[in-house]
J.: 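Quick one: the structure is below, questions incoming.
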2 protein chains.
Amino acid sequence: MGIVRKTRSVDTILELFEDTDHAFSGVSLIERLRDQMNKTTVYRILDRLEDEGIIHSFQDQKGLTWYAKCQSCASGQHTDLHPHFQCRSCGRTSCLHVKITIPLIRNHQIEGAELLMTGLCDQCT
Amino acid sequence: MGIVRKTRSVDTILELFEDTDHAFSGVSLIERLRDQMNKTTVYRILDRLEDEGIIHSFQDQKGLTWYAKCQSCASGQHTDLHPHFQCRSCGRTSCLHVKITIPLIRNHQIEGAELLMTGLCDQCT
DNA sequence: TTGTTATTGCAACCTTGTTGCTTTAATTAA
DNA sequence: TTAATTAAAGCAACAAGGTTGCAATAACAA
Ligand SMILES: [Mn+2]
Ligand SMILES: [Mn+2]
Ligand SMILES: [Zn+2]
Ligand SMILES: [Zn+2]
């Protein structure tokens, strides 16, 4: 929809997401980019990138928002259904590229699903 | 662990959860009980009931906390793994008593999982 | 270059939830 | 029954995450 200009700030954020299934929390991005841009800017860029289908967001069990790169989504169309994993020890959070089965629920029209798995990552086991 | 006294406030909240798979958001409880108790009290009672394995909590896609009755959990032991559903039209949110399959992830030790399904409920279809 | 429009910075604000501390109510001991 | 004990409740202040309005700036197109 709206044109997303490739500004210095946008590039900085896009680089972080490049070639990784690692997710970043909004809070961690604000901290990390503190010297380079305002927190309002961070959130607004994340919003735009999500609108464009370049990244997607999800919530963790504390209610924090996390962002990660999309693999195959388009503008306004987030279609890549996959679970996320958060390590309770190191906090690392990432996309899992596995198929998940969503149960059918009688009389309900299911449109989306978010699965968050928690435990220990390979580093922390 | 800690003794949970059955006070008027606790009873009031417990009654809401009785015999239903309907979930309540913290915010909605505070609003609903505004004339009967302080919001700090609401949150503290919810915490205690969750510690005791009487209710459980989960997050929705906006990061709000929801609470619902447990079916078979014990003090300090939330073992009832099931998905939740939130209607995008009316906002009603509830526990789904269906089995879900959590994928195995190589090198990861999975300890928990939360599945939130969204769509339209029977009333809103 | 200049004009147009998207993007950014900043301060102020909002919502959800938490904390410290005093007061009140429930339970237990006498 | 009354007094002592301790959990629970009320209140105000605070904190974290996130949003909004508006003026200033940077991209882009003409
Ligand atoms: Mn993902
Ligand atoms: Mn439930
Ligand atoms: Zn880890
Ligand atoms: Zn509905």
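A note on names: the letters A, B, ... follow the listed sequences, proteins ahead of strands, and every chain is numbered from 1.
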J.: Rounded to whole Å, please give me the gap between CD in A:E31 and C1' in D:dG18.
T.: 16 Å
J.: Quick one: on DNA chain C, does B:R8 or B:L64 contact a more 5' nucleotide (nearest heavy atom)?
T.: B:L64
J.: Distance check needed: D:dA26 P versus A:D11 CG, whole Å only.
T.: 16 Å
J.: Provide, to the nearest angstrom, the distance between the CG atom belonging to A:L49 and the C1' atom belonging to C:dT8.
T.: 15 Å
J.: In whole Å, I'd like the distance from the CZ atom of A:R34 to the P atom of C:dG9.
T.: 15 Å
J.: Under 4.0 angstrom, heavy atoms only, what part of the nucleic acid is B:I45 near: base, sugar-phosphate, or nothing?
T.: sugar-phosphate
J.: Applying the 4.5 Å side-chain criterion to the ILVMFWY set and letting contacts propagate, would A:Y43 and A:V10 be lumped into a single cluster?
T.: yes
J.: Which nucleotide sits closest to the side chain of B:R5: D:dG10, C:dT5, C:dA25?
T.: C:dA25
J.: Classify the side-chain pair B:H108/A:D122 by whether it contains a donor and acceptor separated by less than 3.5 Å.
T.: no
J.: Counting side-chain heavy atoms from CB outward, which of D:dG10, C:dT8, C:dG17 is closest to B:V27?
T.: C:dG17
J.: Between A:Q59 and A:T65, is there a side-chain donor-acceptor contact under 3.5 Å, judged purely by atom types and distance?
T.: yes
J.: On DNA chain D, does the nearest nucleotide to A:G26 precede the nearest nucleotide to A:R44 from the 5' side, or the other way round? Give the residue.
T.: A:G26
J.: The test is side-chain contact (heavy atoms from CB on, under 4.5 Å); show your working for A:E111 and B:L120 and say whether it passes.
T.: CA-CA 8 Å; A:E111 296 172 340; B:L120 293 173; 4.0 Å; yes
J.: Whole Å only: how far is the CG atom of B:L29 from the P atom of C:dT16?
T.: 13 Å
J.: Please confirm whether any donor atom in the side chain of A:K39 sits under 3.5 Å from an acceptor in the base of D:dG17, or the reverse.
T.: no
J.: How far does OG of B:S94 sit from NE2 of B:H82, to the nearest 0.5 angstrom?
T.: 9.0 Å
J.: Rounded to whole Å, please give me the gap between NZ in B:K62 and P in C:dT16.
T.: 10 Å
J.: So does A:Y43 get a side-chain nitrogen or oxygen closer than 4.0 Å to the phosphate oxygens (OP1/OP2) of D:dG18?
T.: yes
J.: Examine D:dA9: is either OP1 or OP2 under 4.0 Å from a nitrogen or oxygen in the side chain of B:R48? Give yes or no.
T.: yes
J.: Rounded to whole Å, how long is the line connecting atom OH of B:Y67 with atom P of C:dT16?
T.: 12 Å
J.: Quick check on C:dT16: is either OP1 or OP2 less than 4.0 Å from any side-chain nitrogen or oxygen of B:T65?
T.: no
J.: What integer distance in Å separates A:N38:CG from D:dA26:C1'?
T.: 16 Å
J.: Would you indicate which nucleotide in D:dA27, D:dA9, C:dT8 comes nearest to any side-chain atom of A:T7?
T.: C:dT8
J.: Does any N or O donor sit under 3.5 Å from an N or O acceptor when you compare the side chain of A:T40 with the base of D:dT20?
T.: yes
